[in-house]
J.: 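Handing you this structure, nothing more for now.
The basis for the numbers below is simple: all heavy atoms, side chains too, and nothing from hydrogens, waters or symmetry mates. Atoms within a ligand are numbered from 1 in the order they appear, just like the ligands themselves.
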Amino acid sequence: MGDRLAGRRALVTGASRGIGRAIALAFAAEGAHVVALARNGELLTELVADIDGQGGSASFVVCDVTDPEAVGAATAAIVAEGPIDVLVNNAGGNSFSAPVVMMRPTGWTKTQTLNVDSTFWMLQGVLPSMVAAGGGSVINVSSVAGLAGAPLMAHYGAAKAAILSLTRSAALEVAASGVRVNALVPGWVETDLTDFLRHDSNVESSLLDRVPMQRWGTPEEIAAAAVFLAGDESSFMTGQTLVVDGGLSVMP
Ligand SMILES: NC(=O)c1ccc[n+]([C@@H]2O[C@H](COP(=O)([O-])OP(=O)(O)OC[C@H]3O[C@@H](n4cnc5c(N)ncnc54)[C@H](OP(=O)(O)O)[C@@H]3O)[C@@H](O)[C@H]2O)c1
């Protein structure tokens, strides 16, 4: 156990699995009280038990981040219980591939809602209390798909690029209050989201061939960067994009 986030209260969305779960565990291991948010209450119960078992502190809230009323009610209740020092907008993902010209508008909208609108609603629910408190750290999880072209995933790339712009604008709006807003950009990470890519070894090897480090990232490697952005080690950083991708985004 460390103490880099001791005394902080951190809200992590999409904490039931994958990167969000690893961030919740890493924050708790650094002394934060974690409020874990997702739809699956059973998995969140397991997470809280795991954190308790490691001597940490956590609670959970079941909420669908694609429902603005649910997000409004959840954030109001969480903030009323006590100040949130760290907010990680991690819930997100992508459930299909299609070229732009074939894409159904409903698929486009669903992806924007899950990734961008949810981040906007969470910011509306939590940022005012951070500004009033005069400090806090927000981490918005984007993707390498938002840094460059994302063929067959334009919906997801556009959503993740919008998160980068939203991050910069929000960061500028609240910087003078002491609140920091940064984006965390994972490359290919081994989670449920990317499971289908590991079913076919040809698909997997062609994907990893394009990653300079030639391997998947782990959720823990993304969580380590989240701990850095959450805590005082990044105290003069705001509006930035921290890329953790095994070198993928700097390939010529
Ligand atoms: N894995 C990668 O290679 C990769 C790369 C770049 C960026 N990312 C981004 O990193 C983030 C986490 O990805 P991951 O790989 O950890 O995905 P994952 O394993 O599929 O986990 C997604 C998490 O988000 C939650 N979630 C999904 N829809 C939700 C909703 N409507 N309301 C509330 N929670 C919801 C899920 O919980 P419930 O199902 O319990 O709700 C789960 O905890 C996403 O934003 C993703 O776009 C991932």
J.: Determine whether any heavy atom of P219 lies closer than 4.0 Å to an atom of ligand 1.
T.: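 In this structure, P219 fails to qualify as a contact of ligand 1 - no heavy atom is under 4.0 Å.
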J.: Any idea which heavy atoms bring I78 and R9 closest together, and the distance?
T.: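 Reported closest heavy-atom pair: O-NH2, 3.1 Å.
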J.: Numbering the atoms of ligand 1 from 1, which are under 4.0 Å from a heavy atom of D64?
T.: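 Result: 30 (C), 31 (N), 32 (N).
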J.: Nearest heavy atom to atom 35 (C) of ligand 1 wins, so pick from G217, A159, A91.
T.: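 Going through G217, A159, A91 one by one, A91 has the nearest heavy atom to atom 35 (C) of ligand 1.
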J.: Is there a donor-acceptor contact under 3.5 Å linking the side chains of T119 and N140?
T.: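 Looking only at side-chain atoms, N140 and T119 do not form any donor-acceptor pair under 3.5 Å.
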J.: Can you name the closest pair of heavy atoms from R180 and T238 and give their distance?
T.: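 Closest heavy-atom pair between R180 and T238: CA-OG1, 3.3 Å.
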J.: For G14, is at least one N or O under 3.5 Å away from an N or O on ligand 1?
T.: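 Yes, there is a polar N/O contact under 3.5 Å.
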J.: Could you tell me whether some N/O pair between I19 and ligand 1 is separated by less than 3.5 angstrom?
T.: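 So ligand 1 has an N or O lying under 3.5 Å from an N or O of I19.
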J.: Given V174, which partner from the list L123, V181, V138 fulfils the side chain to side chain contact (heavy atoms under 4.5 Å, CB included) test?
T.: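 Testing V174 for a side chain to side chain contact (heavy atoms under 4.5 Å, CB included) against L123, V181, V138 leaves exactly one candidate, V181.
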J.: Just going by heavy-atom distances, which of L184, L197, T191 is nearest to atom 19 (O) of ligand 1?
T.: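 It is T191 whose heavy atom sits nearest to atom 19 (O) of ligand 1.
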J.: Check V61 against L44 and note the closest heavy-atom contact, atom names and distance.
T.: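 Result for this residue pair: O-CD1, 3.7 Å.
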J.: What do you reckon, does L43 put a non-hydrogen atom under 4.0 Å from ligand 1?
T.: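 No heavy atom of L43 comes that close to ligand 1.
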J.: What protein heavy atom lies closest to atom 22 (C) of ligand 1? Include the residue and the distance to one decimal.
T.: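 Nearest neighbour among protein heavy atoms for atom 22 (C) of ligand 1, to 0.1 Å: G92 O, 4.1 Å.
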J.: Which atoms from ligand 1 have a heavy atom of L114 less than 4.0 Å away?
T.: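 What qualifies from ligand 1 is 28 (N), 29 (C), 31 (N).
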J.: Would you say E30's side chain and R4's backbone share a donor-acceptor pair under 3.5 angstrom?
T.: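 Indeed, once roles are kept as given, a pair shorter than 3.5 Å links the two residues.
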J.: Under 4.0 Å from a heavy atom of C63: which atoms of ligand 1 are those, numbered in the order shown and with their elements?
T.: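 So the answer, numbered in order with elements, is 32 (N), 33 (C).
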J.: Using distance alone, decide if ligand 1 has a nitrogen or oxygen within less than 3.5 Å of any nitrogen or oxygen in V65.
T.: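 The answer is yes, given that V65 and ligand 1 share an N or O pair closer than 3.5 Å.
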J.: Can you list the ligand 1 atoms lying under 4.0 Å from a non-hydrogen atom of G18?
T.: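 Selected atoms, number and element: 16 (O), 19 (O).
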J.: Considering heavy atoms of the protein only, find what lies nearest to atom 47 (O) of ligand 1 and give residue, atom and distance to 0.1 Å.
T.: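 Nearest protein contact, heavy atoms only, for atom 47 (O) of ligand 1 is Y156 OH, 2.5 Å.
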J.: Closest heavy-atom contact between A36 and L47?
T.: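 Smallest interatomic distance, heavy atoms only, reads CB-CD2, 3.6 Å.
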J.: Ligand 1 and N40, any nitrogen or oxygen pair closer than 3.5 angstrom?
T.: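 For ligand 1, there is an N or O atom that lies under 3.5 Å from one belonging to N40.
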J.: Less than 4.0 angstrom from a charged side-chain N to a carboxylate O is my criterion; do E173 and R168 meet it?
T.: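 Between R168 and E173 there is no salt bridge, as every charged N stays at least 4.0 Å from the carboxylate O atoms.
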J.: Does D232 come within less than 4.0 Å of R8, counting only side-chain N to carboxylate O?
T.: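 Salt bridge flag = yes for R8 with D232.
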J.: Please verify whether a non-hydrogen atom of G187 lies at under 4.0 Å from ligand 1.
T.: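 Yes; G187 lies near enough to ligand 1 that a heavy-atom distance drops under 4.0 Å.
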J.: Of all the heavy atoms in S118, does at least one lie under 4.0 Å from an atom in ligand 1?
T.: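 No; S118 lies far enough from ligand 1 that no heavy-atom distance drops under 4.0 Å.
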J.: Any N/O of K160 closer than 3.5 Å to an N/O of ligand 1?
T.: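 Checking ligand 1 against K160, an N or O pair does fall under 3.5 Å apart.
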J.: Which ligand 1 atoms are under 4.0 Å away from a heavy-atom of W188?
T.: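 Listed by number with element, the hits are 3 (O).
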J.: Without swapping roles, check the side chain of T13 against the backbone of N90 for a donor-acceptor pair under 3.5 Å.
T.: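 Confirmed, T13 side chain pairs with N90 backbone.
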J.: Does the T194 side chain pair with the main chain of T191, one donor and one acceptor, at a distance under 3.5 Å?
T.: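 Present.
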J.: Show the atoms of ligand 1 that are less than 4.0 angstrom away from any heavy atom in D192.
T.: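 Atoms satisfying the 4.0 Å criterion: 19 (O).
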J.: Any N or O on V189 sitting closer than 3.5 Å to an N or O of ligand 1?
T.: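 Yes; at least one N/O pair falls below 3.5 Å.
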J.: With atoms numbered from 1 as shown, which atoms in ligand 1 lie under 4.0 angstrom from a non-hydrogen atom of N90?
T.: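 Those qualifying, in numeric order: 10 (O), 11 (C), 12 (C), 44 (C), 45 (O).
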J.: For atom 7 (C) of ligand 1, what is the closest protein heavy atom, and at what distance to 0.1 Å?
T.: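 Ranking protein heavy atoms by distance from atom 7 (C) of ligand 1, first comes S142 O, 3.1 Å.
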J.: I need the minimum non-hydrogen distance between A154 and V100, along with the two atoms involved.
T.: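 What the structure gives for the nearest pair is CB-CG2, 3.6 Å.
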J.: Under 4.0 Å from a heavy atom of V141: which atoms of ligand 1 are those, numbered in the order shown and with their elements?
T.: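 The atoms of ligand 1 under 4.0 Å from a heavy atom of V141 are 9 (C), 10 (O), 11 (C).
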J.: Where do V48 and A58 come nearest, in terms of heavy atoms and distance?
T.: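 Here V48 and A58 meet closest at CG1-O, 3.5 Å.
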J.: Where is the nearest protein heavy atom to atom 38 (P) of ligand 1: which residue, which atom, and how far?
T.: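 Closest protein heavy atom to atom 38 (P) of ligand 1: S16 OG, 3.5 Å.
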J.: Identify, for atom 41 (O) of ligand 1, the protein heavy atom at the shortest distance, and state residue, atom and that distance.
T.: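 Protein heavy atom with the smallest distance to atom 41 (O) of ligand 1: R39 NE, 2.7 Å.
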J.: Report yes or no: does H155 contribute a side-chain atom to a donor-acceptor pair with the main-chain N or O of K110 at less than 3.5 Å?
T.: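 The answer is no, because no donor-acceptor pair under 3.5 Å joins these two groups.
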J.: Any Lys/Arg nitrogen of E190 or R215 sitting under 4.0 Å from an Asp/Glu carboxylate oxygen of the other?
T.: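 Looking at R215 together with E190, the answer is no, because their closest N to O distance does not fall below 4.0 Å.
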J.: Can you check whether T194 has an N/O within less than 3.5 Å of an N/O in ligand 1?
T.: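 N/O-N/O distance below 3.5 Å does not exist for this pair.
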J.: Side chains of R210 and S206: is there a donor and an acceptor less than 3.5 Å apart?
T.: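 The criterion, which ignores hydrogens and geometry beyond distance, is not satisfied for S206 and R210.
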J.: Just to confirm my output: which protein heavy-atom neighbour is closest to atom 36 (C) of ligand 1, and how far is it?
T.: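 That would be R17 NH2, 3.4 Å.
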J.: Looking only at protein heavy atoms, which one is nearest to atom 17 (O) of ligand 1, and what is the separation?
T.: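 Among all protein heavy atoms, the one nearest atom 17 (O) of ligand 1 is L193 CB, 3.6 Å.
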